[in-house]
Amino acid sequence: MSKKKVILGSFGVLACLVGGSLFAVNHFVDRKMILDQLYSNIEKQTGRKLALQNLDIHFFPWPEIHASNITLSNMPGGKNPHFITAENLEADLNLWSLWQRTIHFKSIKLSNVQIHLERNAQGQKNWDLQPNETIKKTDQPAAQHFTHRKWGWQFNNVKLENVECWYDDALNKKNAHLFFEQAELNQLETDKVRFNINGSHHRAKFTIAGRISHLTELLENDDTITPPAKFQVNLTEYVRNQNIGNLRISGTLKSLVKAKGYDIIVRGTILNLNDLNHLFPHAHLPSIENITLNTSFRDISNANDPQGKPQIDLLQLHTGKVNAAIFPDDFQLISTEIVANDLNADVNTQIVGQLYGKMFRWSGNIGQLKTLQDNILFKTDGNLPISGKLSSANYNLKLDGTIGGKDPSLSTELSLLNYNKYFNNFGNLNAQNILYSGKLIASFPLTLASLENINKNFILNNIIINGKLFSNNIKIDQNIFNNFSSNLDWKNRELSLTQLQLANKQSNFKGDVHYSLKQVTPELDVRIVSSSFPMKWIEDYFSVANIYTGQITVLGSLTATGNNWQEWEKTLTGKIGLFGTDGILEAEGLKHYIGQAAATLPLKKSLSTQCIALRAQINPNDLFFDTITVQTNQFALNGQGTFDIPEQKMNLHFIPDIRLGAISASAPIRIGGTLLKPYTTFDMNKKRVFSLNINALNQSQPATNYCQGAIEKAKNPLGVLQKK
């Protein structure tokens with residue numbers, strides 16, 4: 001027989017065998033039985049109902065299954081009736097698997113898919129598919145009674161096209177909307193499942209690709225598996241067709257449900273973290289540019305401590321500019337670098353930033369990585385070493401010591417130049433060699449911020465500071481103080497400076513300062529004990545004409561609310577007393593205020609005074625003086641009155657007591673107008689406290705001494721009389 005006839009005969013026999021087999025299989029397969037069993041198995045395994053239409057099995061030119069309008073029901077009470085819907089299903093069937101009653105798909109393709117992910121207000125998730133235990137064997141389709149055993153299901157590759165996914169979280173009030181052009185899972189029958197996803201969200205596109213081993217075991221086991229599954233994920237994102245970041249995550253995982261037994265490495269770069277808001281719009285991620293990240297962490301839980309705990313074995317983080325809502329408006333980080341190459345290495349930091357237009361730089365370390373992660377992640381009361389230097393054109397700060405723990409000890413050295421952002425109405429503040437030694441106890445995490453924003457964005461309940469402050473060089477405007485000291489206490493969001501002293505050869509301020517952040521608006525309390533300074537300071541600050549040359553003693557109690565000097569000025573209240581002795585009364589300054597009334601006084605260019613004394617009630621809009629006394633050997637002025645702070649207007653009344661030999665006479669004086677443009681009138685109304693006063697005195701009669709009573713009042717500012 002010729003070879004040609006042998007070949008043709010073989011093909012003929014093969015065609016008959018294949019054709020006969022397809023005919024037999026087509027009649028052997030019970031479509032209704034397969035569909036009923038599929039519905040039953042899905043509902044039993046997931047608790048959800050599957051439905052599909054137009055199930056069709058083709059055997060030529062190759063075995064395929066087609067279906068349309070596929071739906072999987074949602075959880076009870078879900079917003080949408082269906083959890084998953086798809087318009088079409090195509091599956092390549094392994095024909096020979098049917099003889100073993102196994103439906104083996106080489107690949108499954110779903111197109112035009114819609115997925116509704118939901119979490120209700122009680123936290124129940126619709127993707128948490130629970131087996132339905134209520135379906136009993138007696139509930140199985142009748143067709144199964146005619147089979148000797150159940151049919152099995154296997155599939156290798158799954159491909160999804162044109163997927164639209166909604167996420168609705170009623171618990172956290174978040175939602176999202178994702179599009180997947182293509183999502184493909186390969187090698188589902190092997191130990192290494194591969195996946196490749198192309199998707200988009202808002203104006204961002206992304207690709208996710210990777211592989212994971214033992215996926216079936218991870219999905220089927222709620223607890224840990226051995227050996228652990230290995231995985232690798234590569235994430236790339238595009239905004240306006242520009243690659244803005246790549247992340248590569250790899251490692252091992254023992255439990256997918258409990259996220260335990262992991263050992264993970266994360267490497268990658270992100271051009272701007274803010275661009276990820278296009279992908280995750282509810283994350284509100286800050287603007288952080290040029291992020292380079294290399295870190296590894298693993299779970300260190302054990303049988304005695306089963307709670308999963310991460311341990312960071314490597315931390316390398318580099319960033320460019322950082323703009324975050326928690327920072328003050330004029331604060332910006334230009335670049336940051338945080339590096340610790342292993343668990344026992346020091347965390348070295350390099351930070352460059354800008355504050356109010358001025359550059360600054362921090363260089364230092366904050367102890368070992370192990371100590372840092374224990375304090376931050378596990379909130380231990382451990383001891384955190386800190387050392388380094390903060391420097392700029394305007395200030396230098398050195399830190400050395402430890403924070404937290406049972407025996408903290410911290411020392412700082414600060415040189416501060418031209419600091420006037422918050423206190424620009426107060427004057428420029430220059431300081432050098434401000435030393436702090438004491439304790440800083442913190443129950444981590446530790447957060448610090450500027451004074452203006454400290455109450456808005458930061459909670460410092462877990463920080464306790466107690467120690468001493470010293471300095472031998474503090475300059476406020478042109479005044480240099482070579483002696484500054486105070487006890488410093490911070491606890492429960494309250495700052496106390498006690499036994500505070502600020503002194504030089506001319507001045508000596510003493511008192512206590514208390515600043516509380518417990519209220520919505522912070523409160524400031526200042527108590528001034530017997531302090532002294534030149535009267536010229538007040539004259540310069542309030543633009544008062546030079547009336548008195550000499551030292552002034554001040555006592556009082558002041559309160560205010562707010563975050564800075566400008567707010568304190570507007571809310572300042574209190575009572576204060578000032579007095580001086582043995583000073584000089586300047587005639588020109590007094591004439592500026594009493595005008596034509598100066599002609600009734602025996603004034604020289606300058607005149608020695610026996611005393612000057614004032615006592616006042618400070619209100620947000622005005623000052624009320626119940627005591628104003630100036631006494632010399634020739635005359636005395638006693639008065640009361642008010643000063644309108646916003647309008648800078650005066651309303652003062654004085655009763656002069658003038659000695660002109662045996663007889664003296666004077667009329668009460670009223671001073672009105674402003675500090676710059678005052679005017680004087682004579683008060684002639686006898687019915688008022690300030691009435692016409694005529695004294696007939698002989699030379700032997702001693703002059704009335706007003707100083708003793710006025711100074712006693714100034715020394716007791718809390719007893720100031722209320723305004724009538």
Check ring pair (Phe, Tyr, Trp, His ring centres under 6.0 Å) between Phe231 and all other residues, then give those that pass, not counting sequence neighbours. none

Non-hydrogen atoms of Leu416 and Tyr395 that approach each other most closely: CD1-CB, 3.7 Å

Please work out whether the ring planes of Tyr262 and Phe297 are parallel, tilted or perpendicular, with thresholds of 30° and 60°. perpendicular

Taken in chain and number order and not counting sequence neighbours, the residues that satisfy side chain to side chain contact (heavy atoms under 4.5 Å, CB included) with Thr371 are Gln368, Asn375, Leu384, Pro385

Would you confirm whether Asp299, through its side chain, and Gly261, through its main-chain N or O, come within 3.5 Å as a donor-acceptor pair? yes

Mind telling me whether Phe360 and Phe331 have parallel, tilted or perpendicular rings, with 30° and 60° as the class edges? parallel

State whether a side-chain donor-acceptor pair under 3.5 Å links Thr236 with Asn246. yes

Ser392-Asn394 side chain donor-acceptor pair, cut-off 3.5 Å: no

Could you verify whether a donor N or O on one side chain and an acceptor N or O on the other, from Ser415 and Gln432, lie under 3.5 Å apart? no

Quick one: does Thr295's side chain have a donor or acceptor within less than 3.5 Å of a partner on Val266's backbone? no

Determine the interplanar angle of the Trp166 and His177 rings, folded into 0 to 90°, and report it as parallel if under 30°, tilted if 30 to 60°, perpendicular if over 60°. parallel

With Asp525 as reference, evaluate Val513, Asp512, Thr559 under the side-chain contact (heavy atoms from CB on, under 4.5 Å) test and give the passing residue. Thr559

